[in-house]
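We count ligands from 1, going down the list as the structure has it; atoms in each ligand are counted the same way.
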Amino acid sequence: MSGPVIAVDGPSAAGKGTLARALAAALGLPYLDTGLLYRAVARKLQEEGGDPTAAEAAADAARRLQPADLARDDLRAASMDRAASQVAALGEVRAALLGFQRDFAARAGAVLDGRDIGTVIFPEATLKLFVTASPEERALRRWRERVARGEPVTLAAVAADLAERDARDAARAAAPLRPAADAVVIDTTHLDAPAALAAAMAIAARRLGGSQLLTSPA
Ligand code: DC
């Protein structure tokens, strides 16, 4: 490993993307939102008329993924949530995306957020954080985001979608969502983004003495 690798895992809408991005900026590390990989595979399949539960076609789409596929601006749409979580349940798709994630961090290290970064992609990560929040708070945050985008959606519908996706992500056989044994849990239920970043930086300093994070041996 040429630089520090920080794994930030956790369920949807717990604040892990915001935290991971801020940590990467604070530490000068590249950042990868690995959920985008699964969303891009689902989008590609959808465009090609493929079924997000058909393993071979989905794995083939994953193998053909190009950097430009990740730059699309429609991947985060709520309409992609279900298909992304369906392709993410397929071991063949996960295997096809492994190399991309490891290569991303190979040169300078990285902060990666996802569900299995600390358990499967980087079991030897320098630091593993598991970011969570209560289901009620997560549903509220996601609902506010969607209402702010002008989407007419009820809190109950958002809560039901989140619960369905969390259950699929946690129950699947391939790399289920769970904290790594050596992950430090950050519960953001009562933390705003700056407070979550401060908590993560304090954990990093405590666990690693700062030095491993702030220097990247060649
Ligand atoms: O974080 P997100 O909502 O963009 O992720 C989209 C889907 O992909 C979600 O169902 C979880 C899944 N995912 C995964 O299984 N492993 C990852 N490393 C990242 C996301």
Side-chain angles (χ1 to χ4, degrees), residues 5-21 23-24 30-46 52-53 55 58-59 61-62 65 69-105 110-123 125 128-133 135 138-139 141-146 149 151 153 158-180 183 186 188:
V5 173
I6 303 184
V8 183
D9 290 305
S12 309
K16 65 183 183 308
T18 305
L19 175 60
R21 197 174 289 109
L23 255 184
Y31 164 62
L32 181 64
D33 167 359
T34 64
L36 276 187
L37 300 173
Y38 297 92
R39 289 173 179 274
V41 171
R43 192 78 188 92
K44 211 176 192 43
L45 265 181
Q46 210 173 57
T53 62
L65 212 61
D69 294 321
L70 299 181
R72 309 179 55 129
D73 60 9
D74 55 358
L75 299 180
R76 288 247 148 256
S79 58
M80 294 310 303
D81 288 351
R82 172 177 296 202
S85 118
Q86 286 171 330
V87 300
L90 302 169
E92 293 86 342
V93 169
R94 307 195 72 84
L97 296 176
L98 191 77
F100 181 94
Q101 295 171 83
R102 292 199 175 145
D103 288 349
F104 183 86
V111 180
L112 301 96
D113 81 57
R115 306 295 190 287
D116 64 339
I117 308 303
T119 51
V120 175
I121 309 296
F122 286 105
K128 301 178 186 178
L129 301 175
F130 191 85
V131 181
T132 189
R138 293 190 292 114
R141 289 178 191 167
R142 188 48 55 85
W143 175 71
R144 286 196 191 113
E145 273 169 28
R146 292 183 57 183
R149 288 203 298 258
E151 294 176 30
V153 67
V158 171
D161 277 1
L162 267 187
E164 182 202 313
R165 261 196 322 141
D166 285 351
R168 192 183 296 116
D169 292 342
R172 68 186 177 214
L177 169 66
R178 61 175 174 79
I186 298 181
T188 69

Any idea which atoms of ligand 1 are less than 4.0 Å away from a heavy-atom of G114?
17 (C), 18 (N), 19 (C)
4.5 Å side-chain heavy-atom contact, D74 and M80
no
Nearest non-hydrogen protein atom, atom 1 (O) of ligand 1
R115 NH1, 2.9 Å
List ligand 1 atoms under 4.0 Å from R76, heavy atoms only on the residue side.
4 (O)
Atoms of ligand 1 under 4.0 Å from any heavy atom of D116, numbered from 1 in the order shown, are 16 (N), 17 (C), 18 (N)
CG on D169 to OH on Y38, rounded to 0.5 Å:
10.0 Å
Heavy-atom side-chain contact between D161 and W143 under 4.5 Å:
no
Nearest protein heavy atom to atom 8 (O) of ligand 1, by residue and atom, and its distance?
Y38 CB, 3.6 Å
Contacting atoms of ligand 1, where contact means under 4.0 angstrom from a heavy atom of R165:
3 (O), 9 (C), 10 (O)
How long is the span from the CG atom in L32 to the CZ atom in F100, to the nearest 0.5 Å?
6.0 Å
Can you pull out the closest protein heavy atom to atom 5 (O) of ligand 1? Residue, atom name and distance to 0.1 Å, please.
G35 CA, 3.6 Å
With rounding to the nearest 0.5 Å, note down the distance linking CZ in F130 to OG1 in T119.
9.5 Å
What protein heavy atom lies closest to atom 10 (O) of ligand 1? Include the residue and the distance to one decimal.
S85 CB, 2.8 Å
Ligand-side contact atoms (ligand 1) for residue partner R94, heavy atom cut-off under 4.0 Å:
14 (C), 15 (O), 16 (N), 17 (C)
among protein heavy atoms, the one nearest atom 4 (O) of ligand 1 is R39 NE, 2.7 Å
Would you mind running through ligand 1 and noting each atom that sits below 4.0 Å from a heavy atom of A88?
8 (O), 12 (C), 15 (O)
Specify side chain, backbone, both or neither for E164, according to which of its non-hydrogen atoms lie closer than 4.0 Å to ligand 1.
neither
Test of proximity, R172 against ligand 1: N or O pairs below 3.5 Å:
yes
Mark yes or no for whether K128, through its side chain, and P123, through its backbone, hold a donor-acceptor pair below 3.5 Å.
yes
Sole residue of R178, R94, R172 in salt bridge (charged side-chain N to carboxylate O under 4.0 Å, His left out) with D116
R94
I'd like the name of whichever of V41, T34, D33 reaches closest to atom 19 (C) of ligand 1 through any heavy atom.
T34
Yes or no on side-chain hydrogen bond (donor to acceptor under 3.5 Å, both in side chains) for R165 and S85, after CA distance, side-chain angles and deciding distance?
CA-CA 6 Å; R165 261 196 322 141; S85 118; 5.7 Å; no
Testing the basics here: between Q101 and L112, what is the closest heavy-atom pair and its distance to 0.1 Å?
O-CD2, 4.0 Å
